[in-house]
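Heads up: the structure comes next, in structure tokens.
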There are 2 protein chains.
Amino acid sequence: MTTTPSQTLASFAATLTFQDIPEPVIRRAENLFVDWVGSALAGKGARAVTAIERFCMAMGPVPEPTGSHTVQGAAEILMSRRTTSPYLAAMINGASSHFIEQDDVHNGSVFHPAAVVFPAVLAVAQATGRSGRDLLTAAVAGYEVGIRVGEFLGRSHYRIFHTTGTAGTVAAAAAVGNLLQLTPEQMLHAFGSAGTQASGLWEFLRDAADSKQLHTAKAAADGLLAAYLAADGFTGARQILEGAQGMAAGMSQDADPAKLTDRLGTRWALAETSFKFHASCRHTHPAADALLAVMREHDLRHADIAQVVARVHQGAIDVLGAVTVPQTVHQGKFSMGTVLGLIAVKGVAGVREFEQDYLHPEVAAFRDKVEMVLDEEVDRTYPVRWIGKVTVHTNDGRVLDGRVDEPKGDPGNTLSREEIEQKASRLAAFSGAASASDMAAFYAWAWRLADHPHVGRLFSGASA
Amino acid sequence: MTTTPSQTLASFAATLTFQDIPEPVIRRAENLFVDWVGSALAGKGARAVTAIERFCMAMGPVPEPTGSHTVQGAAEILMSRRTTSPYLAAMINGASSHFIEQDDVHNGSVFHPAAVVFPAVLAVAQATGRSGRDLLTAAVAGYEVGIRVGEFLGRSHYRIFHTTGTAGTVAAAAAVGNLLQLTPEQMLHAFGSAGTQASGLWEFLRDAADSKQLHTAKAAADGLLAAYLAADGFTGARQILEGAQGMAAGMSQDADPAKLTDRLGTRWALAETSFKFHASCRHTHPAADALLAVMREHDLRHADIAQVVARVHQGAIDVLGAVTVPQTVHQGKFSMGTVLGLIAVKGVAGVREFEQDYLHPEVAAFRDKVEMVLDEEVDRTYPVRWIGKVTVHTNDGRVLDGRVDEPKGDPGNTLSREEIEQKASRLAAFSGAASASDMAAFYAWAWRLADHPHVGRLFSGASA
């Protein structure tokens, strides 16, 4: 029997151990974990996230009056510091992780790994008493699988489907499967059960609806479900990814099975993952950095600028195109004009700037000076590279080109641990989910994650 | 603003009342409910169903030692007579409903409504203290919506996707949304959250994997989740069905939006739903009935037959084609040769016959005499009509044609209440989930369902 790409990938995910992973990849995984906690905390108080938490708390285990649980193993809801079962904790933390649009992204697969992988592995590691090394190993398995599934599904998939929801379900299954010590055969079944649950459509963007929170919530929880079922003997399709009636057959026109097994064990896709620096849709970041660059180089103020042409890839036009005048903060994050307006007027497009100033008159005026055009070079190199290009027309008649080859937060331009702490602390303060001292204690613990024999609660006591 | 098909359909589902529904449709809904309970009981003891129940019981509310619950409202797990939250009860009963392949089907949409609609509405009706009329009204809303969504998604969808999983998620949302008294606007959001979770791929058939149980489980539970979230203000895409990045855009090539609103309120698609008479994949039924007809007409025994040509539609070849020699009972139900073999040798292709005789030497020998060919007339009229045609070559050289225009269990050839009771009782006895006296008490209660002010437990006490 020949080995299929699904088998090879499942076997890799099942058998990956801490010792297999190079030290710099482990360190980067710790960075991504800390960065994720900031995003998960940032969802506190968001209406859509709170609705998902309310549903889960109504449908799940009831904490006893003492705060202890009768369920086997309890998992932490980061934003509220309550506990529930791993399935429902993964759903809630998954919902909160992507709300503020600051979680990490893998450029080549246009996939947000942290928002679906960490909610699942943290919940299961806590509930089953596993170590920090186990958590990190499982997370790496999830990143490596999810990124390759996203690359495999390709650009045609991403035009309609939210890859973080679809590939994310398989990623969460791979991560939890590694943690549950599935055999390669069981992992293949977990992939089958995950892939047949994979879902998430972009249609919600048109209405600024809440579906993105549902996509990450369900990817984390459904992937966890798939792995638990596989551990209990439940079987799934053996070629859910590349089979004739599998994910690619149903949801892609340009799937490439070779991507599924690309340099497994030597290429660490996790280390290619970018931190998000601006609080907006990733598709706006290259142009935002290019605009910052040209404004700094030529010492321009926003009032000096008559027009900005953002030169982008087709995916940016597809995802961002529907929004013109944003009606909500969330739509503002998908409005290229608003993002460039905040950069030009405020110098920063952070969480607080979006909340306070996405309709600021100067920002709105700048927004109307921005247009997007398809750029042949940017489009050709995307999604492997996210080149940023803008052309700025000044009021005094100059035409200035700005360009960045690698946006801030990308692997070649990554964040330091200090910058990661600053970002996470800003997010925690924004939502009020954790105090500065809570966060300081968390960092001290998290930077030694690989040394902890048990992953316990990250935050104890009542919410800040 | 123009009204979209999604809006029209959502408004219908939200505002449908008991008084709107003709008496014969209510009676048929009761028949379908009783038929469904038989199927839900029949899943007891099945490995895949038990795995899903174990997962839900580990992740959900824990019954107190007294058997009462601290959660708001408890819903019944029919096969085990335990209770849990509505979300998890819908998941478990959804898993068990489709296991034995005896639940109802709507021919035109190739959709199994009962397996996804009744688990969701029973759970919510029990947990929230609603009446029998409320349950029936909600079920009708679910059938009418799910069938139209299945018809809308079309045959190209069904080639890759398990429509019962995909359209079923929207059906469950419509049903629960009606029960939760969502406004039309909230119902539209429930559709959005349901459609963006819709999933289910046929790839598992190749491996006889357990995914079908997962598809019905998740459709029922995910649809319920969508409706509860909508009641709590969570928003979804307003055109998840027909929008440019919606379900049809991603998962169909021949979607027809006019199907979504076809004669709402005058055409009752629920009454077009067929009861399954044979315990096999529905695609085998027309040929099975045609073979029975020709064998009776010409007084043939299986030993008289040299060859059978089953004349079928393309969908039958797509779904059944992969299996030749079945390795499991489940595969046997998807093997045209095995089904016709049981019909020819045993005269019946029921649950017990599959369990005991799917590899019986005479059945296997007959199986190898069967071939399927595409029939132009059958294919052209499918899925509106499921014509059965076989050509039988006898050992003494005769060539005999068998034909049925409407298989047993279809609306024009439907089951009586006595036949429905007999079928449900056989299923309950097969799994051991309910005794004959349990079932007799249930029938007496169920045939007066519309009179009951509260839907309580269907079966009390310990499992039979």
Side-chain angles (χ1 to χ4, degrees), chain A residues 47-48 51-52 54-55 58-62 70-72 85-88 159-162 165 189 192-193 195-211 213-215 218 222 225-226 228-229 232-240 243-247 249-251 318, chain B residues 47-48 51-52 54-55 58-62 70-72 85-88 159-162 165 189 192-193 195-211 213-215 218 222 225-226 228-229 232-240 243-247 249-251 318:
Chain A
R47 181 185 47 75
I52 289 175
R54 263 197 297 268
F55 177 82
M59 298 297 170
V62 181
T70 52
V71 282
Q72 175 242 337
S85 66
Y87 178 57
L88 298 170
R159 276 198 285 273
I160 307 284
F161 291 93
H162 185 189
H189 291 307
S193 292
T196 207
Q197 294 180 82
S199 63
L201 294 159
W202 282 122
E203 180 64 23
F204 76 93
L205 283 181
R206 220 167 302 277
D207 308 303
D210 298 329
S211 309
Q213 277 62 69
L214 189 58
H215 294 172
K218 292 300 300 310
D222 290 344
L225 165 63
Y228 271 76
L229 288 179
D232 197 20
F234 195 93
T235 63
R238 303 176 68 85
Q239 291 194 73
I240 197 66
Q245 291 169 298
M247 286 178 73
M251 303 189 277
D318 292 342
Chain B
R47 180 185 48 74
I52 289 174
R54 264 196 295 268
F55 177 82
M59 298 297 170
V62 181
T70 53
V71 283
Q72 174 242 339
S85 67
Y87 178 56
L88 298 170
R159 275 199 284 273
I160 307 283
F161 292 92
H162 185 190
H189 291 307
S193 292
T196 206
Q197 294 181 80
S199 63
L201 294 160
W202 281 123
E203 179 65 24
F204 77 92
L205 284 182
R206 222 167 300 277
D207 308 303
D210 298 329
S211 309
Q213 276 63 68
L214 189 58
H215 294 172
K218 292 301 299 310
D222 290 344
L225 165 64
Y228 271 77
L229 288 179
D232 197 20
F234 195 93
T235 63
R238 302 175 68 85
Q239 290 195 72
I240 197 66
Q245 291 170 300
M247 285 179 74
M251 303 190 277
D318 291 343

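The structure presented is a predicted model; accordingly, all values stated were derived computationally and were not measured. So that the names make sense, note that chain A is the first sequence line, chain B the second, and so on, each numbered from 1. Side chains included, hydrogens not; waters and symmetry mates left out as well; all remaining heavy atoms used.
Smallest separation of non-hydrogen atoms from A:Gly236 and B:Ser211: CA-OG, 4.0 Å. Heavy-atom minimum distance, A:Pro61 versus B:Gly60: CG-O, 3.7 Å. Summarising the geometry of A:Ile52 relative to B:Phe234, their closest heavy-atom pair is CD1-CE1, 3.8 Å, with the distance given to 0.1 Å. A:Arg206 approaches B:Ala244 most closely through the heavy-atom pair NH2-CB, 3.8 Å. B:Ser85 and A:Met59 get closest at one heavy-atom pair: OG-O, 2.7 Å. A:Gly250 approaches B:Ile160 most closely through the heavy-atom pair CA-CG2, 3.5 Å.
Put simply, the side chain of B:Thr196 gets close to the backbone of A:Leu201: a donor and an acceptor are under 3.5 Å apart. Although no hydrogens or angles enter the test, the distance criterion places no donor-acceptor pair under 3.5 Å between the side chain of A:Thr235 and the main chain of B:Ala209. With hydrogens and angles disregarded, a donor-acceptor distance shorter than 3.5 Å links the side chain of A:Glu203 to the backbone of B:Gln245.
Interface residue A:Arg159: only backbone heavy atoms are found under 4.5 Å from chain B. Heavy atoms of B:Ala198 lying under 4.5 Å from chain A belong exclusively to its backbone. In this structure, the portion of B:His215 lying under 4.5 Å from any heavy atom of chain A is its side chain and not its backbone. At a 4.5 Å heavy-atom cutoff, the contact between B:Asp207 and chain A is made by side-chain atoms alone. Proximity to chain A is limited to the side chain of B:Leu88, based on heavy atoms less than 4.5 angstrom apart. Heavy-atom distances place the side chain of A:Phe161, and not its backbone, under 4.5 Å from chain B. Only the side chain of B:Leu229 comes within contact range of chain A, with at least one heavy atom under 4.5 Å from a heavy atom of that chain. Residue B:Phe55 touches chain A through its side chain alone, counting heavy-atom pairs closer than 4.5 Å.
A:Tyr87 and B:Tyr87 have parallel rings, their planes meeting at less than 30° on a 0 to 90° scale where 60° marks the start of perpendicular.
Contact tally against chain B (heavy-atom pairs below 4.5 Å) for A:Gly192, A:Gly243, A:Gly246: the top residue is A:Gly246. Across B:Lys218, B:Gln213, B:Met247, the residue that shares the most heavy-atom pairs under 4.5 angstrom with chain A is B:Lys218.
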